[in-house]
Amino acid sequence: MALGLGPALALLALVFGAALFGSLAQSLGHAPAYGVEAFPTLRYYRALFTDPALALAAWRTLTSALPATALGLLLGTALGLALPPRRDLASSVLQLPLLVPYVVAVALTTSWLAGGGVLARLLAAAGVIEAPQELPRLLDGRAGIGVLITLVWKQMPFTALLVAAVRTGADAQLEEVARVFGASRAQVLRYVTLPQVMPAVLAAAAITLAYNLGALEVPLLLGGGTRDTLAVSAWRVYTDPDATQRPQALAIAWTLTLGVVLAVAALLAAGRRWLPGVAGR
Amino acid sequence: MSDRCARWWRGVWALSATLPFAALIVASLAFRWNWPDLLPSVWWWQARATARMPIGWDYLVAPASRALPALATSAGLATAVTLIGLAVAWPAARVLAHERFRGRGAVELLLLAPLLVPELALALGLAVTAVHLGVAGSPWGVLAAHVVPTLPYLVRTLSAVEQGFDRDLADAARVHGAGSWAVFWHLRLPLLAPGVAAAALFAFLVSTHLVVLTVLVGQGRVETTAVQLFARLGGGAALDPISAALALLLTVPGVLLLALLDGLLRRRVDLRGATPRV
């Protein structure tokens, strides 16, 4: 009866498998279309560890993905706990960031935080600044505020909805029982509510972490060209007119994929071990 | 969390989820919006004599912008992706919802794998493969590429939909002589339709959002609305009216989905209430 799985698995194996193996071969130096035929060579992977620019890109990947993931999870979980069991208009509307593409989120961030954007005009109206240049460079500055805000804005409702879904399925009376038996609000949160929602938080953490480590559009468009992450570096190398460097892009992408898989596996393993309520599910 | 605090927090978030779009609407309707005016000094309708339409929208309907063909490409691709995705994912979801078999964990992991692999890595890999197969730069290559990231969503939502289907109902119908076609047509389809429609809408949405896959596999020759917006953004400058209009255009499917989903999910609850509880 497992026949129904056939088409899906075949399609994934064909398209996904072809993509993985084609790119693996090219990252190992097999790219006759661009006049590169050095298969097998680890040259392109070695460059990842010797090129200081790529080491820096790896560091930036972590420093842009980890804070965004953590902040999004924290705010999203809090929002998920604040959602009512019955959907009202507010809880419908807050899904909106989830339903627009990342490029629209980038457009929104730009319209609010860019030099002549809404925030600058508001500050000018309040007399804080006089010229658009006086606004700190939020988008393409060193701190990467634009990337952080965009990722958090887009992902917060995702975590919130996962958490809220677990809450509606869970036994709502448990919290009341704990209160009746004298638990404080903090104790109820620590021993009843959080263990209930932890599996949802962990699932959201895995998916948002995987996305943020490999994100391209947001850091590419809001990074100002000075804070390239691994994904952005791979994009730049691949779209460079010099096609002979394309195996390098694929080596970066493969390393990134491996890193993402390891990071998510580590996160899930740590979650199983340390978080209450996750083990045994 | 106290109720008042929760309501306040929800209100703040609902505002931050919607208010940013106001800036796009204003930007797309402005005729002159100089620094440091908070609102445009001349709106489009005050300049009707010189401007037939708001600048951004006027550009989008002009043939030179290729915005309308791109919109058609987006919609056509997303429709095809949704249909293929449903045809592939629904049978798989049915198995995952109802059957127990060996290797189930591995199958589930494989079906979720496209969520773990960065879109860029998938796009680069598929671009390489598409060049080998000679479909790079064609809508067909992009179509095949788009199906991959929609599969995890489709399989997950459809499994949940299938789990809600009470198989005793189908058995009862069969006992009373219904054939497999009758069971599908009179039982499964009406009961599952709202959930399947919701999953399909979501797959449609995912496809219209894909930028990196479309650009790399389509080699820039397959132009969707999301790709057009992507090409205009960046550089740290303020948002121009054309990008604002494009961004609003790209927001429409999500808003429609939100409205439709609300209706669909309510209908599903009603239907569930109508089926006998076990």
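Below, read A as the first sequence line, B as the second, and so on, with proteins coming before strands; counting in each chain starts at 1. Side-chain atoms are counted along with the backbone in the values below, which use heavy atoms only and exclude waters and symmetry mates.
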[X] to [Y] - nearest heavy-atom pair and separation:
X: B:Ala14; Y: A:Val93; result: O-CG1, 3.9 Å
X: B:Ala113; Y: A:Phe16; result: CB-CE2, 3.8 Å
X: B:Leu110; Y: A:Leu12; result: O-CD1, 3.4 Å
X: B:His209; Y: A:Val100; result: CE1-C, 3.4 Å
X: B:Val88; Y: A:Ala8; result: CG1-CA, 3.1 Å
X: B:Ala17; Y: A:Leu96; result: O-CD2, 3.9 Å

Q.
Working note: A:Leu9 + B:Leu111, criterion side-chain contact (heavy atoms from CB on, under 4.5 Å); need CA distance, chi angles, decisive distance, verdict.
A. CA-CA 8 Å; A:Leu9 292 183; B:Leu111 287 172; 4.3 Å; yes

Q: Specify which of B:Pro114, B:Ala93, B:Ala89 makes the most heavy-atom pairs with chain A at under 4.5 Å.
A: B:Pro114

Q: Just do the side-chain contact (heavy atoms from CB on, under 4.5 Å) check on A:Gln95 and B:Leu258 with the steps written out, would you?
A: CA-CA 8 Å; A:Gln95 297 172 43; B:Leu258 198 61; 3.7 Å; yes

If you define the side chain from C-beta out and look only at heavy atoms, does anything of [X] sit under 4.5 Å from [Y]?
X: A:Leu11; Y: B:Leu151; answer: yes
X: B:Val95; Y: A:Leu3; answer: no
X: A:Leu75; Y: B:Trp13; answer: no
X: B:Val255; Y: A:Leu99; answer: no
X: B:Leu120; Y: A:Tyr238; answer: no
X: A:Phe21; Y: B:Thr129; answer: no
X: A:Arg121; Y: B:Trp33; answer: yes

Output the distance between atom [atom1] ([X]) and atom [atom2] ([Y]), rounded to the nearest 0.5 Å.
X: A:Leu108; Y: B:Leu239; atom1: CG; atom2: CG; answer: 8.5 Å
X: B:Arg232; Y: A:Thr110; atom1: CZ; atom2: OG1; answer: 12.5 Å
X: A:Thr239; Y: B:Leu216; atom1: OG1; atom2: CG; answer: 8.0 Å
X: B:Leu122; Y: A:Leu20; atom1: CG; atom2: CG; answer: 7.5 Å

Which residue out of [options] racks up the most heavy-atom pairs below 4.5 Å with chain B?
options: A:Ala107, A:Pro7, A:Ala249; answer: A:Ala107
options: A:Thr193, A:Val264, A:Leu250, A:Ile207; answer: A:Leu250
options: A:Gly22, A:Ala131, A:Ala234, A:Gly117; answer: A:Ala131
options: A:Ser111, A:Ala10, A:Ala215, A:Ser23; answer: A:Ser111

Tell me, for [X] versus chain B, whether the close heavy atoms (under 4.5 Å) come from the side chain, the backbone, both or neither.
X: A:Ala231; result: both
X: A:Val260; result: side chain
X: A:Val15; result: both
X: A:Leu14; result: neither

At a heavy-atom separation under 4.5 Å, does [X] approach chain A through its side chain, its backbone, both, or neither?
X: B:Leu39; answer: neither
X: B:Leu126; answer: both
X: B:Phe21; answer: both

Q.
Between A:Leu5 and B:Leu96, is the side-chain contact (heavy atoms from CB on, under 4.5 Å) condition met? List the steps.
A. CA-CA 8 Å; A:Leu5 290 172; B:Leu96 286 176; 4.2 Å; yes

Q | B:Tyr153 atom OH, over 12 foreign heavy atoms within 6.0 Å | A | no

Q.
Name the residue from B:Thr251, B:Leu250, B:Thr225 that meets the side-chain contact (heavy atoms from CB on, under 4.5 Å) definition with A:Pro101.
A.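 Passing option: B:Leu250.
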
**Q.** Whether A:Trp112 side chain and B:Pro20 backbone form a donor-acceptor pair below 3.5 Å
**A.** yes

Q. Going by the angle between their ring planes, with limits at 30° and 60°, are B:Phe230 and A:Trp235 parallel, tilted or perpendicular?
A. perpendicular

